[in-house]
Amino acid sequence: MADEKFDAIVVGAGPAGLTAAIAMAQAGLEVAVLERGAFAGSKNVMGGIFYRHPLDQLLPEFWKQAPVERAIVEQRYWLLGPNGHMGGGVRSQSFAPETPNCWSVFRSKFDRWLSEQAEQAGVMLLTEATVESLLQENGKVVGVHTSLDDGDLNAEVVVIADGVNSLLLRDLGVHPEIKPNQVASSVKEIISLPAEKIADRFNVEPGQGVSIELFGSFTQGAVGLGFLYSNQESISLGLGILVSDLARLKLKTSDILEALKEHPSIRPLIAGGKTEEYLAHLIPEGGYHAVPRVSGEGWVAVGDAAMLVDNLHREGSNLAVKSGILAGQTIVRAKEKGDFSAAGLAGYQQALEASFVMKDLKKYRRLPHWLESSPQFFNIYPELMNDAGTEFLTVDGAGKREKQNRILKMVSRRRGLWGAVMDAVKGGLKLK
């Protein structure tokens, strides 16, 4: 194999790398995927929601064979205060069952299945293979140096899909050391529960599920979000907190998660469950301005390695899949032209810019810095809004005008009326 030259080598068997490999193999390219784990998915972690649309374009109706958990028919959003929550959400039968919007999944199962689809398309999958460095000649990437017996593997192009801590991009000088405020430490527990209990607690039919995105004071003033997703016979409960805030506030994600499990709005949903797994992962949170250069002489970067995560909407897997498909299509065109130079691969950046991936990241480009500089949204407002809601709905003999005056006094005392108005204005501007 040492003398064999592939059209493309993909480093990392996550959704981004595997979809890039499938797109290229379907077009007849010779592709190898190198994965350091024992199998694809063995080291991959995410919250647990996988969206249908991008992968359906590459593998039509894939969900009929893929190991998905529950089709999410309701997406809830809860703002947690110390004593409860305010919330809303969307529930629609249009999300299921023929063409669901998204599912809860386990990456260890799903990525392994996706790697099998890649192999069926003609991709060579090499597991327990660590890529130690890129091979370069005259400034162009020409392959990889690996831990395999054969050592060096050559290729016309290398797809860098090695995750948020991309050592390969760092070696290229493309991606500097990631700053603590550009990455979140995410942890989650898989809590087993019988399927019938999940159906009862979330009011769903067999095969249907609910997602709950969690905001509020449980992060103890740190910038972060939580989540609760229903699987077939378990609950995924977790959170992600900016690493910089963990250090600043001297917090531990494990402690925050333990406290979240005891929150009065969460505890009844997981009661009687048994923790089967505890997982941890780093998630890109820098947004649009943290995205590095995504292509160059003989290489492209996809997924988390390219920092492609929409942190507001908690979307990552769909951005990863879309970037993988676009990268694969770009490389197919480069193969047709025989041009794997930076100019020959520049169409990938252009395709990303034209897709929802960069359009969404650009829309929220100011949000990460604003949230980091606005701790009131993670300590003052969650409790304030819960207390205001409780006050307004409590029948105690006071008239509604008096109720409104009490709420205004709460706002004035805890944030100031002018401060609240400015927060609303600035927040609206950042979300435009």
Side-chain angles (χ1 to χ4, degrees), residues 14-16 44-49 51 77 107 161-167 169-170 174-188 211 213-216 218-227 229 236 238-254 256-257 260 279-294 301-323 352 356-379 427 430-431:
N44 298 342
V45 181
M46 72 176 186
I49 296 297
Y51 290 89
Y77 303 89
R107 287 284 300 276
D162 57 345
V164 61
N165 281 324
S166 178
L167 299 178
L169 286 183
R170 195 177 306 171
V174 170
H175 205 313
E177 192 78 28
I178 297 176
K179 298 177 182 178
N181 64 349
Q182 294 179 332
V183 65
S185 174
S186 179
V187 296
K188 76 170 183 177
S211 71
E213 306 296 337
L214 306 170
F215 310 81
F218 69 94
T219 64
Q220 301 178 44
V223 176
L225 301 172
F227 56 85
Y229 306 140
S236 294
L239 52 86
I241 306 291
L242 275 187
V243 171
S244 56
D245 274 9
L246 291 174
R248 177 176 62 86
L249 299 171
K250 296 181 173 55
L251 300 173
K252 294 182 179 180
T253 50
S254 56
I256 299 174
L257 182 56
L260 180 61
L279 305 101
H281 186 55
L282 292 177
I283 301 175
E285 294 284 347
Y288 181 80
H289 294 296
V291 177
R293 183 157 54 94
V294 296
V302 296
D304 280 7
M307 304 290 279
L308 301 177
V309 170
D310 179 349
N311 47 55
L312 178 64
H313 294 280
R314 310 311 297 162
E315 295 180 21
S317 62
N318 55 327
L319 277 68
V321 169
K322 187 65 175 179
S323 69
L352 273 182
F356 74 90
V357 175
M358 294 304 289
K359 286 181 180 178
D360 287 354
L361 292 183
K362 190 173 184 179
K363 172 178 171 57
Y364 300 123
R365 62 191 180 279
R366 295 184 292 267
L367 187 64
H369 174 71
W370 176 67
L371 287 176
E372 187 182 3
S373 61
S374 305
Q376 64 269 24
F377 288 94
F378 298 91
N379 49 32
K430 301 303 179 185
L431 294 175

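In what follows, residues are counted from 1 in the order of the sequence shown. This one's a predicted model, so the numbers in the text were calculated from it and none came from an experiment.
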| note | Tightest non-hydrogen contact, residues Leu260 and Gly238, listed as CD2-O, 4.2 Å
| query | Once you round to the nearest 0.5 Å, how far does CG of Leu352 lie from NZ of Lys322? | reply | 9.5 Å
Run the side-chain donor-acceptor check on residues 305-316: report pairs under 3.5 Å with partners two or more places apart or on a different chain.
| from | atom 1 | to | atom 2 | distance (Å) |
| --- | --- | --- | --- | --- |
| Asp310 | OD1 | Leu312 | N | 3.3 |
| Asp310 | OD1 | His313 | N | 3.4 |
| Asn311 | ND2 | Glu285 | O | 3.1 |
| Asn311 | ND2 | Glu285 | OE1 | 3.4 |
| His313 | NE2 | Tyr364 | OH | 2.9 |
| Arg314 | NH1 | Glu285 | OE2 | 3.4 |
| Arg314 | NH1 | Asn311 | O | 3.0 |
| Glu315 | OE1 | Asn318 | ND2 | 2.8 |

| message | How close do Ser211 and Ile49 get, counting heavy atoms only, and between which atoms? | response | CB-CD1, 4.4 Å
| remark: With sequence neighbours left out, the residues meeting ring-ring contact (aromatic ring centres under 6.0 Å, His included) with Phe227 are Tyr229
| request: Answer yes or no: is there a donor N or O on one side and an acceptor on the other, between the side chain of Ser166 and the main chain of Gly163, under 3.5 Å? | output: no
| query | For the residue pair Gly14 and Arg107, what are the closest heavy atoms and their distance? | reply | CA-NH2, 4.0 Å
| Nearest-0.5 Å distance, CD of residue Gln220 to CG of residue Leu249 | 8.0 Å
| What residues, two or more places apart in sequence or in another chain, satisfy side chain to side chain donor-acceptor pair (under 3.5 Å) together with Gln376? | Asp423
| task | Enter the distance from Ile256:CD1 to Ile241:CD1 here, rounded to the nearest 0.5 Å. | result | 4.5 Å
| message | One thing to verify: whether Asp360 and Lys363 come together as a salt bridge, which I'm taking to mean a side-chain N less than 4.0 angstrom from a carboxylate O. | response | no
| said: Could you measure the distance from the NE2 atom of His289 to the CG atom of Leu361? Nearest 0.5 Å is fine. | reply: 10.5 Å
| request: Nearest 0.5 Å please: distance from the CG atom of Leu242 over to the CD atom of Gln182. | output: 10.0 Å
| Looking only at heavy atoms, what is the nearest atom pair of Trp370 and Ser374, with distance? | O-OG, 2.6 Å
| Test side chain to side chain donor-acceptor pair (under 3.5 Å) applied to Ser186 - qualifying residues, sequence neighbours left out | none
| request: List for me each residue that meets side chain to side chain donor-acceptor pair (under 3.5 Å) alongside Arg293, sequence neighbours excluded, and say none if there are none. | output: none
| query | Under the side chain to side chain donor-acceptor pair (under 3.5 Å) test, which residues partner Ser317, sequence neighbours left out? | reply | none
| Which heavy-atom pair separates Arg170 from Asn165 by the least distance, and what is that distance? | NH2-OD1, 4.2 Å
| note | Nearest heavy-atom approach of Ala320 to Ser323 is O-OG, 2.8 Å
| Which is it for Leu239 and Leu214 under the side chain to side chain contact (heavy atoms under 4.5 Å, CB included) test, yes or no, and what are the steps along the way? | CA-CA 8 Å; Leu239 52 86; Leu214 306 170; over 6 Å; no
| query | Counting N and O atoms only, with roles assigned by atom type, does the side chain of Arg248 sit under 3.5 Å from a partner on the main chain of Asp245, one being a donor and the other an acceptor? | reply | no
| Has the side chain of Asn181 got a donor or acceptor atom that lies under 3.5 Å from a matching backbone atom of Ser244? | no
| Between atom CG of Asp304 and atom CD1 of Ile283, what is the distance when rounded to the nearest 0.5 Å? | 8.0 Å
| request: Look at the side chain of Ser185 and the backbone N and O of Val243, then say whether any donor-acceptor pair between them is shorter than 3.5 Å. | output: no
